[in-house]
Amino acid sequence: MDDNSYKPSDFIREIIKEDLKTNRYGGHVHTRFPPEPNGYLHIGHAKSICLNFGIAEEFKGLCNLRFDDTNPTKEEAEYVESIKEDVKWLGFDWDGREFYASDYFEQMYQYAIQLIKDGKAYVCDLSSDELREYRGTLTIPGKESPYRNRSVEENLYLFERMRTGEFEDGSRTLRAKIDMSSGNINMRDPVIYRILDTEHHRTGNKWCIYPMYDFAHCISDSIEKITHSICTLEFEDHRPLYDWFLDQLNLYHPRQIEFARLNISHTVLSKRKLVELVEKGYVRGWDDPRMPTIAGMRRRGYTPESIRNFSQRIGVAKRESIVDVALLEHCLREDLNKRAPRVMAVLRPLRVVIENYPEDLVEEIEAINNPEDPSMGTRRIPFSKYIYIEKEDFMEHPPEKFFRLAPGREVRLRYAYFIKCIGVVKDEKTGEVLELHCTYDPATKGGNAPDGRKVKATLHWVSAPHSIEVEVHLYEHLFTVPNPGDYEDFMAYINPQSLQVLNSCKVEPNLLNAKSGEIFQFERLGYFCVDPDSRNGKLVFNRTATLKDEWTNIMKRQKKDK
RNA sequence: UGGGGCGUAGACAAAUGGCAAGUCAGGAGACUUUGGAUCUCCCAUUUAGAGGUUCGAAUCCUCUCGCCCCAGCCA
């Protein structure tokens, strides 16, 4: 799928290879991606998706998409659709194996009855507060429920009545009878069914009791004949329970393997924090291009390939870590560099009059669409006496190492001519540079001087009368600190500059019919994609990523030295 | 302080008793009609620490230290 030769190797793949060698699962590999449909997918989920689907592909196995929909108070059908869209967009295909934990509710109910019959589960009348008290603490063992030793008959009768809706929400639970003194709190007679008289997005009002995760997940895996059930580290403590249910029920037994979830610098990935960003209006929604959600990244201009490549390069391990967002951006640039057509755009226009260029002449200049890929061809760009260049490409008093335009200095206009600055028009009061006067050398057409003289800089430009005015959204990291998740008041570290809207940017006329989602490289500036909010007559571009830029590094260093 | 995990460079991450990979970031240079891309070089005498076993230890043993997770009728 990805055309790089990097072969992932990690402890999970090692385990699978070993299981294949020992024929533990009959030579099959079958994974699953099990999202709860209660929110939008983010880059952390992408890691899991790439892991599960990727492993299935590599080992010629299968990966199911299974919605873990056991809590109707939190889940909605809307999320199911967005999750499917995101997984598909990332380039993975569950090939019709779209399952739901709720598909197995009846079967789970029967397994619960079996547990009761075997004396391994009981109906408990403790309230949630009492349950908490009886559970004990990290250092103090729990106490056994007074209902723990009800007869099988009574348990069966009561559980039946829980199902038929005779009891109030929360008034009773079905609990596994394990060990109240276990050091692992999950084993202290965990709840396996709770009463929740709530409509479910798929089963409607058929049920008023719903299984808990620990019970539902292992059984779902077992029913689907999953071989390797890959989940995140916080479920490590649950593995003994996972194993216990399947052992007691004597069911086909997949192997649960835990890995460290993804963290990325300068952003947050926890559901709670992401919700807060949206609800408090710090971003414009779940698909705001600053969000680390799949939808946000898609709108920002990320490609599925770049995300998949990133997932591969960060590896899989049990050590908790924060991946530098620069690695993600690197993967993005690497992909976009190969595929994005180049185009010229000026974000902060500075008008330039070319004094010795004929007033009415318009030349069509040929430009290469992508130097990385000659098959993408060339295009023509109009050139005239009046052009715009980038404000920051001119300095009246240039510091050392600033190679661009300055009074008396000659530079190249990309694909066009050498120009020399001969005059600066400034606002008398503010001193702001309003306009530049230059001359051009007709002999340098195309960008080379026949006499062999060199210039130190090449500037991008657009012809003023032919340019299109567009809006551009510049994005920076959402947070100013690398690890906002470490702070309870993480909102205090939001980057006030994370969005900057520029309204009078000028782009070359070839962009007139650019379509939503199309990605371009604005030469020397970065990658930009057309936002879906673009309207006729007003294109909106999102800056997907900046280009790496030696000059900004130089400035940063100088700042630091001071 | 009960239970479960994890400590390799600024950030990821390999190495499975035999010369501490690779990537990102950073630095130096070459090249360049994008200060982009590309190319070259540099960036861990040492694997949280201390002991021990061994011809040989990131890897095995012992102890110590640090970090993360668990007390939802959430997943």
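In what follows, chains carry the letters A, B, and so on, assigned in the order in which the sequence lines appear, proteins first and then strands, with residues in each chain numbered from 1.
- Among A:D68, A:T203, A:D69, the single residue meeting the side-chain hydrogen bond (donor to acceptor under 3.5 Å, both in side chains) criterion with A:S102 is A:D69.
- Rounded to the nearest Å, the gap between the P atom of B:C70 and that of B:U23 is 37 Å.
- To the nearest whole angstrom, the two C1' atoms, one in B:C43 and one in B:G49, are 25 Å apart.
- Comparing A:S182 and A:K454 by the nucleotide of RNA chain B that holds the closest heavy atom to each, the one mapping nearer the 5' end is A:S182.
- Closest to the side chain of A:E523, out of B:G35, B:G7, B:U34, is B:U34.
- Put simply, the side chain of A:N370 never gets that close to the backbone of A:M376: no donor and acceptor are under 3.5 Å apart.
- Dense packing is recorded around NZ of A:K17, with more than 12 heavy atoms of other residues, nucleotides or ligands lying under 6.0 Å away.
- With sequence neighbours left out, A:D103 forms a side chain to side chain contact (heavy atoms under 4.5 Å, CB included) with A:F99, A:Y100, A:R202.
- The nearest whole Å value for the distance from the NE2 atom in A:H45 to the C1' atom in B:A75 is 10 Å.
- Geometrically, A:K143 engages A:Y134 in a cation-pi contact, judged by NZ or CZ lying under 6.0 Å from the ring centre and within 45° of the ring axis.
- Taking the ring axis of A:Y109 as reference, the NZ or CZ atom of A:R163 stays within 45° of it and closer than 6.0 Å to the ring centre.
- Here, B:G56 and B:G51 have their P atoms 16 Å apart, quoted to the whole Å.
- The number of heavy atoms from other shown groups lying within 6.0 Å of NZ (A:K273) is above 12.
- Residues passing the salt bridge (charged side-chain N to carboxylate O under 4.0 Å, His left out) test with A:D125, sequence neighbours excluded: A:R150, A:R172.
- Listed by first and then second residue, the side-chain hydrogen bond (donor to acceptor under 3.5 Å, both in side chains) pairs involving residues 322-332 of chain A are A:R313-A:H330, A:E329-A:H477 (not counting sequence neighbours).
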Task: nucleotides 68-73 of chain B: protein proximity per nucleotide (B base, S sugar-phosphate only, - neither; heavy atom, under 4.0 Å) - done: SBBBSB
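- If you check every strand for non-hydrogen atoms under 4.0 Å, A:V316 touches sugar and phosphate atoms only.
- Note: CE (A:M376) to P (B:U34) measures 17 Å, nearest angstrom.
- No engagement by A:R239 is indicated, since no non-hydrogen atom pair under 4.0 Å with the nucleic acid exists.
- Taking the salt bridge (charged side-chain N to carboxylate O under 4.0 Å, His left out) definition, one finds that A:K391 meets it with A:E432, sequence neighbours left out.
- Rounded to the nearest Å, the gap between the P atom of B:G36 and that of B:A30 is 13 Å.
- When side chains are defined from C-beta on, A:I554 does not count as touching A:F402, because their heavy atoms never get closer than 4.5 Å.
- Between B:G26 and A:N553, a contact under 4.0 Å exists linking OP1 or OP2 to a side-chain N or O.
- Comparing the same atom, P, in B:C61 and in B:G18 gives a spacing of 16 Å after rounding to whole Å.
- Atom CD1 of A:I209 and atom P of B:C74 are 14 Å apart (whole Å).
- The distance from atom NE2 of A:H266 to atom P of B:A11 is 12 Å, rounded to the nearest whole Å.
- Both A:I554 and A:P35 sit near RNA chain B, but only A:I554 has its closest nucleotide nearer the 5' end.
- Rounded to whole Å, the separation between the C1' atoms of B:G7 and B:A75 comes to 28 Å.
- The side chain to side chain contact (heavy atoms under 4.5 Å, CB included) search around A:A449 returns A:F418, A:T444, A:D451, A:R453, not counting sequence neighbours.
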Between protein and nucleotides 15-18 of chain B, what N or O pairs are separated by less than 3.5 Å?
none

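- On the C1' atoms, B:G5 is 43 Å away from B:U40, given to the nearest whole Å.
- Glycosidic conformation of B:G56: anti, with the torsion beyond 90° of 0.
- One interatomic measurement links the two molecules: CG of A:D214 to P of B:C74, which rounds to 12 Å at whole-angstrom precision.
- With rounding to whole Å, A:F403 atom CZ is found 13 Å from B:U34 atom P.
- Looking at residues two or more places apart in sequence or on another chain, you find no side-chain hydrogen bond (donor to acceptor under 3.5 Å, both in side chains) involving A:T198.
- Taking only side-chain atoms of A:A317, from C-beta outward, the nucleotide of B:A75, B:G27, B:A14 with the closest atom is B:A14.
- Heavy atoms of A:K401 sit under 4.0 angstrom from at least one base atom.
- Interatomic distance, NE2 of A:H42 versus CD1 of A:I264, reported as 10.0 Å (0.5 Å rounding).
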Within the sub-3.5 Å range, which N or O atoms of nucleotides 36-40 of chain B have a protein N or O partner, and how far apart are they?
unit_1	atom_1	unit_2	atom_2	d
B:G36	N2	A:E372	OE2	2.9
B:A37	O2'	A:N337	ND2	3.3
B:A37	O2'	A:E372	OE1	3.2
B:A37	O2'	A:E372	OE2	2.9

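- For A:L262 and B:C24, the CG to P distance is 18 Å, given to the nearest whole Å.
- Within 4.0 Å of A:F402, counting heavy atoms only, lies at least one base atom of the nucleic acid.
- Between B:C65 and B:U47, the distance separating the two C1' atoms is 16 Å to the nearest Å.
- Taking atom CZ on A:F33 and atom C1' on B:A75, their separation rounds to 12 Å, with Å as the unit.
- Annotation: side chain to side chain contact (heavy atoms under 4.5 Å, CB included) contacts of A:I12 (sequence neighbours excluded): A:D10, A:I16, A:L51, A:I55, A:I230, A:I257, A:F259, A:V316.
- Among residues two or more places apart in sequence or in another chain, the side-chain hydrogen bond (donor to acceptor under 3.5 Å, both in side chains) test is passed with A:S222 by none.
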- [ ] Starting at the 5' end of RNA chain B, write a dot or bracket for each base, bracketing those in Watson-Crick or G-U wobble pairs whose two distances are under 3.5 Å and using | for partners on another strand.
- [x] .((((((..(((.....[...))).(((((.......))))).....(((((..]....))))))))))).....
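- You'll find that the side chain of A:T70 is closest to B:A75, out of B:C6, B:A75, B:G27.
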